[in-house]
Structure formats: structure tokens, C-alpha cells
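This report refers to the structure that appears directly beneath it.
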Amino acid sequence: MFQGIYNRKTEDLNGTWKYRIDQNDVGSRQSWYLDQGEGNPWKDMKVPHNWYLTEEIGDYFGTIWYTRRFKVPDYMKGQRVFLYFEGVDYISEVWVNGTYLGCHEGMFNSFEYDITSCVKWEEENIVMVRDNAEKDLTEYIEADQDETPMSEKYKFHQSKGITQIKGHMIEAMHRPGSMTSFRQDGNSGGIWGDVKLVCRPEIYVQWVKSYTKIGYKKDRLGDRQDKPDGTGLAAFDVYIHNTLKRAVKTNIFLDVTPYNFEGGSDCSISREVVLQPGDNVFKMTVTIPDVRLWWTWDHGNPNMYTATIKLENDKIQMNFGVKEIVTDDKGQWYLNGKHIFLRGMRYISSLWMSEANEEMWKKDFDKMLDMDINAIRIGSHVERDGLYTLCDELGLLMWQVFPLHYCISDSDDVINRASDMMRDMGMMLTNHACMGMWSVYKEPEIYGLQDKPNVYFKLCEILKETLESIDPIRWIHKGDYREGVQNIMIGSCQDGDMDVHTEKIKPNIVEFGADAVPCLESLRKFIPEDKLWPPHWDTWQYWGLFYYNQFRRAKVEMGDSLEEFIHNTQKYEALVVKEQIEFLRQRKYQPVASMFLYYWSDACPLMGSGLFDYYREPYEVYEAMKAVYTQVLISLEWEQEPHVLGREKKYSRGQRFNGKVWVNNDHFHKMEDLEIHWEIRRENSTEILEEHTFKESLSEDSAEVKDTISWIVPGDYVGNYVIDMWVKDKEGKVLSTNSTVIKACA
């Protein structure tokens, strides 16, 4: 079973390893696991790594062997010694000193082996790892019904049934190969995570599962309603392994203390237990008086506690938060009993997880907090544990999706293997305070093959049942797009001329956004110069252009130069994303409860849909979105049918323009004495043609129409008019600024 490292002392085995490519997969038959890893053909490789990122290996599919020597430090003597791997993609086998330890499958789930009996204490030891990351054998079917200039292999293809559990790391829109027949390219194979020696005593804590709940009590003398009583309930399932061959009577001690705040209460309990040889599990429950709850950063403090568990010679610590996140039958979210709106972001550090690190996350999250994001959705992959720890402490709510994406086989074998990994994911993440909700599959029904695997009613059912066995509290979603979940990608996955007023909007918008081409400096890093202009469509499609999306749905004009084309794609993305946000936020709780942009940054070098490209250079959409993701937002809903987002808003001279001025307040408090202002002027002119300034208050956690505009477009001008708007507090601080452009036509 999954075992936690917790705060135990470890020895780092990262650094220089030796590797050898097993092109013909003969290493096992030829007993390479007995090799000393010296001389040719062994070469040096830094671990952690993904081999795609190396010049020596690149996009190789198959088997690579790794080895290194290590000594066990003296302080580990007399204890159990484990060899821990944070992550190896995809199927690994491990030997120490020629002794076979086992086989592991998965691209994200950590694992370890007890090597106490096979290590040499005073000598060097040799660890050997065989890593197999080969192509999935699924058949790819051309499914491009549209007239496009790509050659056959670069047209739209879809898999018949992937059997590897790798999610975004094997098949998604935004990756090398994109939606072509080469869509598995960009192999994520390798020892991408930390390798460590971990020691534990003969009786040790394997894992702890936390369960927290706000204390309630019925008001029997008042309104007879259930009300919070100021306490928190924290329960822990403590999994203990006894390596001795006899039962042991002992005591488990639990101490709960504040982690990131002062003045809270300490709690301590103990329990006498009898440990049988092997695995044991016991419940430890404590009531926390005057509990400090975990909140998203915008509605309070992400208060956390530390649980210290001691028994015999073992002591572990883990942080946790007390919170309740629930959804109702209308798809609305309630955090600690308060209705909450999620201004969210889809996130992936990198297609190659060895690149992910705390420095990257902190830079990204600082920018996210600066643009008032309060929730993150990790879609069809699992990040390194440090990311979730950072979200715990920053107060960013997490929606985690299991690593399945698009067309997966529904065979019993796949269901069994995926369920084992689902259990691992639940055990790895459930204790994080930031965890809010789960999805067991990204898009199980997105493609319409005639013989498409029946994953929604088979695989998803079993995965949900498996995850419920680990986390019976949080909401578990079977997969997009049912259960009140929807994506809105206007000009990308949906027609750019879609009438949004005729679209049935669901509560949880798990993807919105559009596509664009990155800046020329970034583009030149992965598109050869001779393929840049005019575009070599096969190459551009391989790196994520999506010809049909850009020219049939978004209807972006190429222009006369590469620079102009780049600007046209980014300009459209910026406008259509801004207006999607305004449209969705004007429907806050009616019915929209959450919204997640697809994506923060591109996961690899490509033409993507992020706010930033792979090199963290911003698209134009970054500033546009930042302006309308504020907690207080003023926006305009123009009255025009059909109601199309991202296009020019054309009016005839002399025609009446009508619009509604909306103001959102996502704070949990009423805001009074605010100054709201709008004005109309010609583009590139400071002369105000019409304006209105007034004082108003905003209800807490609301979206309200605060004014209407009714204005006759003048008959003496052909061109653009700008409607500028702002909200200021009573001290004159600007809370939101926004603008909408309308075009007067001849």
C-alpha cells in the first residue's frame, strides 16, 4: 500500500546515474540487472529527468536501464530501510545488488521497496532500474471530415482505445503531435521524481488518513436549527505496520497544534492498542475547541493545524485544515457553509514533470493571486506533492482530475489497473487542505466513434467507487460533460459565431478560452525557419495550430505577414476570453458557480491556449483576463441578437444602442458608497459624448445590473466608439475598470 515519508530523515539519491538504452528490449533476458554499470555502453544521466528533454535521447519510445551506487548511512542501522521513488514513467522494475524488488506501473504515483534484507551496510550497493515507456498500441483513426490543407497523417485523428493510464501525458489537444496521427509524441518517460532512502523503526506509521468536519449543535432553545458550535472534529485513520513476529501492546499519542497561526488551542489524546504482526489501523479522534477554519485566501485565512502522531520509536507529523466543501443539487459550491464563486484556472506545470519545481509554482501562483484566482483545476495528470502543499498554504482550492483523457479502453484489465492508480492518487492527495473536489475522468464521451469504448458507464463507475473508499466526503464527478459540468471554448472547440443566448449554461464551466499563436521569439524556438512563413501547415498542425479552429471557427485573418497573423490570433483570443468571462460572471449563481480558464501556460512548446506560452512569455489575453477576474467587476451586456462574443459589435448610424451595466461583488461583505461611472467617447478621443456617475452599494457575493445605457449612435461618424466604465470605493481606490468597443457603420 501507499506509504508516507512525512518528516522522516531521508538520504538523497538524486544526481548522476548511469543509463543504457535497451532498443531491442533484451536487457532482462541478458541479465543486465547484474551489471555493474561501468564502462561502455553506460553513459551519464542526471536524475530526476525526462529523457525527451535530453539531446542524447530525445523522443524515444521503449526501455532504458538506470543504475547508480549508494551507501546506507550509519544512522539507519537497526531500522527498516526503504528505497523510495517519487515517480517513474511508465513501467519500472527495480533490483538492489541483483535482488529483484518488484514492478510498478504509473506515471505519477510514488512507490517504494523495503531493501533492509538485501543492502550491504559497510559497502557500496547497486540499484538497477528498468524503465519501459513505449507507445500505446491503440489504433488511430482519421476523423477529419473538413477540408483542410494538411496531408493525411497530419489530419485530425483519434485513438480507438488507449490502454496506458497517463492522461495528458499521452493524449491531449495541447502536446507534440496534437490531434494528428503522431499524438503520442513528446514521451514523458524517465525517472522524473526524487529517489531517496527512507528509514523507519520496526513498528512504524505507514499512512494517516485525515477526516475533518465543522462541529454542529442543534439550537433547542432558539430557532431549533443546526448551527456551528465553534468546534472542529478531526479524525485520523492511523495505519501502522508491525514488522515483529509478535503482538505488541502500546499507546498511540496524538497532538494537534496550530501550524500557521497563533493563539489556537492545543489538543492531545492517547489510546492503548494491541498491534498484531503486519498491518493494523486505528481511529484517533479529537475535538478542537475554538477551531480556525481553512478558507480560500479571498474569504479568510488558510488556517492549518499540525497533527503529531507517536508510538513506540516512531513519530510523524502532517498538516491538515478543517473545512467543509459541499455542492447542492443545483451545482453550487459552499465552503464552510458560505456560498462561494470559483474564479478558477486550469494548470499543468509541464508535460515533463521533472521540470516542475517550487520556484516555478511560486512565480505562477504569485501572478494568479495578483489576478484574484482562488481555485485551480489539475486536469488529467497529477502534479508533484509540493504544488498541493503550496496550495494548502496559499488558500487555493483544488479540483483534481484523474489522469484519463479522451478515448480509453473499457477492458476489465484497464479498469483494474486504473483503479489501483486511482486508490494511490486518493491516498496521496486526500489529506491536503486545498483538496475540494474530484473528477475521475477528463472527457469520457468527447468523441463519437461508432464503437467507442463504454467508459462512462463502466470504467468511470468503478473509479468513482474506488475513490469513494478513500474519500467518502468530497464530491466525485464521473467525467465531463454531465452532472452540471460544461466547457465553453468559443472560436476553438465551438463556433465563433455561436449565439450564447441560446446556449443552455451549466453551473460548472470547467474549461473556457480560445487558441492563439505565441510571440515570434517563442515560435522560432520550435518551428524551423523554413516552415514559418508562409506556414507549413503539417508542421503548424503538429505543433498545435488547429487549422479548422483558427480559420473556420475563430475566422482569424492571416494578414500579410507572420507578425500580423500572430497578432490577429492573440487579439481574437484576448477579446473572446474577456467577453466569455464577462458573460459567465454576469450569470453568477444563475447558474454559474465556477469557471476555469484552459490553460495558465502551455505544457510544452506549441501554439496553445494559455495565458503564457511554454517559455512563460505572455499572450495578449493575459492582461485582458487580469482586468476582468477581479473580485469586483464592472461589465457591459450589450443588447444584440444573435448575441455573439469576440466579434465586432456593429451598429448603424442613428441606431439605438442599449446595454446593461453589471457589477459583480465576490466579497463576503456588502460594499457601500461606491462610485460607479460609465462614459462614451470616440476611439482615440478624450471628448465625452455621454456619461453617468452615481453612488451605489453592492450586496455581498452578488452580480447585479446597476444601470442601463440607451444611446443613439451619432450619424456623423463612421468608426469605433469606446464605452469606458469603472468602480471606485469611497476613498477613491479603483476596484474595477473595463471597456467595450462598438463600431458605427455607414
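Along the sequence shown, residues carry numbers from 1. These numbers were taken from a predicted model, which means no experiment stands behind them.
- Sparse packing is recorded around CD of E359, with 12 or fewer heavy atoms of other residues, nucleotides or ligands lying under 6.0 Å away.
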message = What verdict does the side chain to side chain contact (heavy atoms under 4.5 Å, CB included) test give for M437 and W333, after you've listed the backbone C-alpha separation in whole Å, the side-chain angles of each residue and the deciding distance to 0.1 Å?
response = CA-CA 10 Å; M437 58 286 287; W333 296 104; 3.5 Å; yes

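- The ring-ring contact (aromatic ring centres under 6.0 Å, His included) test applied to F61 returns no partner, not counting sequence neighbours.
- One distance of note links CD1 of I64 with CG of D22; it measures 9.5 Å at 0.5 Å rounding.
- Rounding to the nearest 0.5 Å gives a distance of 3.5 Å between OG of S92 and CZ of F111.
- Between F612 and W600, the two ring planes are tilted [angle within 30° to 60°].
- The side-chain contact (heavy atoms from CB on, under 4.5 Å) test applied to T569 returns A516, V517, Q550, V556, F565, not counting sequence neighbours.
- Scanning both residues, K209 and S469, for their nearest heavy atoms gives NZ-O, 3.8 Å.
- Put simply, the side chain of S439 never gets that close to the backbone of V401: no donor and acceptor are under 3.5 Å apart.
- A cation-pi contact links R377 to W399, judged by a cut-off of 6.0 Å to the six-membered ring centre and 45° from its axis.
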key: Residue pair M169, Y90: steps toward the side chain to side chain contact (heavy atoms under 4.5 Å, CB included) verdict   = CA-CA 10 Å; M169 306 315 192; Y90 176 65; over 6 Å; no

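- W207 and Y239 have tilted rings, their planes meeting at an angle from 30° to 60° on a 0 to 90° scale.
- Applying the side chain to side chain donor-acceptor pair (under 3.5 Å) test to W361 and every residue at least two apart in sequence or in another chain returns S349.
- Counting only N and O atoms by type, the side chains of Y347 and E383 include no donor and acceptor under 3.5 Å apart.
- Distance alone, capped at 3.5 Å, is enough to place a donor-acceptor pair between the T138 side chain and the G161 backbone.
- A centroid separation of less than 6.0 Å is found between the aromatic rings of W65 and W95.
- The list of side-chain hydrogen bond (donor to acceptor under 3.5 Å, both in side chains) pairs with a residue in residues 455-464, not counting sequence neighbours, reads E461-K478.
- By the side chain to side chain donor-acceptor pair (under 3.5 Å) test, S354 pairs with N50, sequence neighbours left out.
- Counting only residues at least two apart or in different chains, salt bridge (Lys or Arg N to Asp or Glu O under 4.0 Å) contacts with residues 41-60 comprise K18-D44.
- Residues F402 and I476 have side chains not in contact (no heavy-atom distance under 4.5 Å, counting atoms from C-beta outward).
- Between the side chains of T63 and N132, a donor-acceptor pair is found at a separation under 3.5 Å.
- In this structure, W32 and W42 have perpendicular ring planes: the angle between them is above 60°, well past the 30° mark.
- Between M45 and I57, the shortest heavy-atom distance links the atoms CE-CD1, 3.4 Å.
- Within the 3.5 Å criterion, the main-chain N or O of L13 finds a donor-acceptor partner in the side chain of R68.
- No side-chain N or O of Y19 forms a donor-acceptor pair with one of H49 less than 3.5 Å apart.
- Considering only residues two or more places apart in sequence or on other chains, D471 meets the side chain to side chain donor-acceptor pair (under 3.5 Å) condition with W438, R474.
- In this structure K506 satisfies the side-chain contact (heavy atoms from CB on, under 4.5 Å) test together with Q486, sequence neighbours excluded.
- A pairwise comparison of heavy atoms in G37 and T67 identifies CA-CG2, 3.8 Å as the closest pair.
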task = Take D515 and L545 through the test side chain to side chain contact (heavy atoms under 4.5 Å, CB included) and record every step on the way to the result.
result = CA-CA 8 Å; D515 309 324; L545 173 72; over 6 Å; no

inquiry  = Under the criterion side chain to side chain contact (heavy atoms under 4.5 Å, CB included), I'd like the reasoning laid out for H432 against C391: C-alpha separation, chi angles, the key distance, then a yes or no.
reply    = CA-CA 9 Å; H432 280 284; C391 289; over 6 Å; no

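- Atoms CD1 and NZ, on I408 and K166 in that order, are 11.5 Å from each other to the nearest 0.5 Å.
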Ring pair (Phe, Tyr, Trp, His ring centres under 6.0 Å) evaluation trace for H104 with F85 = CA-CA 10 Å; H104 178 268; F85 294 88; 9.0 Å; no

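- Every residue meeting the side-chain contact (heavy atoms from CB on, under 4.5 Å) condition with N487, not counting sequence neighbours, appears here in chain and number order: E443, Y481, M489, Q494, E511.
- Residues meeting the side-chain contact (heavy atoms from CB on, under 4.5 Å) test with S151, sequence neighbours left out: Y154, D538.
- Sorted by first and then second residue, the salt bridge (Lys or Arg N to Asp or Glu O under 4.0 Å) pairs involving residues 595-614 (not counting sequence neighbours) form an empty list.
- Taken to the nearest 0.5 Å, the CG atom of D410 stands 8.0 Å off from the CG atom of L459.
- Considering Y547, W543, Y542 as possible partners of W537, the one that fulfils the ring-ring contact (aromatic ring centres under 6.0 Å, His included) test is Y547.
- Looking only at atom types and distance, the side chain of Y140 has a donor-acceptor partner in the side chain of Q184 under 3.5 Å away.
- Atom CZ of residue F2 and atom CE of residue M425 lie 12.5 Å apart, to the nearest 0.5 angstrom.
- Looking at residues two or more places apart in sequence or on another chain, you find a side chain to side chain donor-acceptor pair (under 3.5 Å) between R417 and E105, D413.
- Summarising the geometry, atom CZ belonging to F596 is positioned 10.0 Å from atom CD1 belonging to I373; distances are rounded to the nearest 0.5 Å.
- For the pair Y614 and L53, the tightest heavy-atom approach, listed with the atom from each and the gap, is OH-CD2, 4.4 Å.
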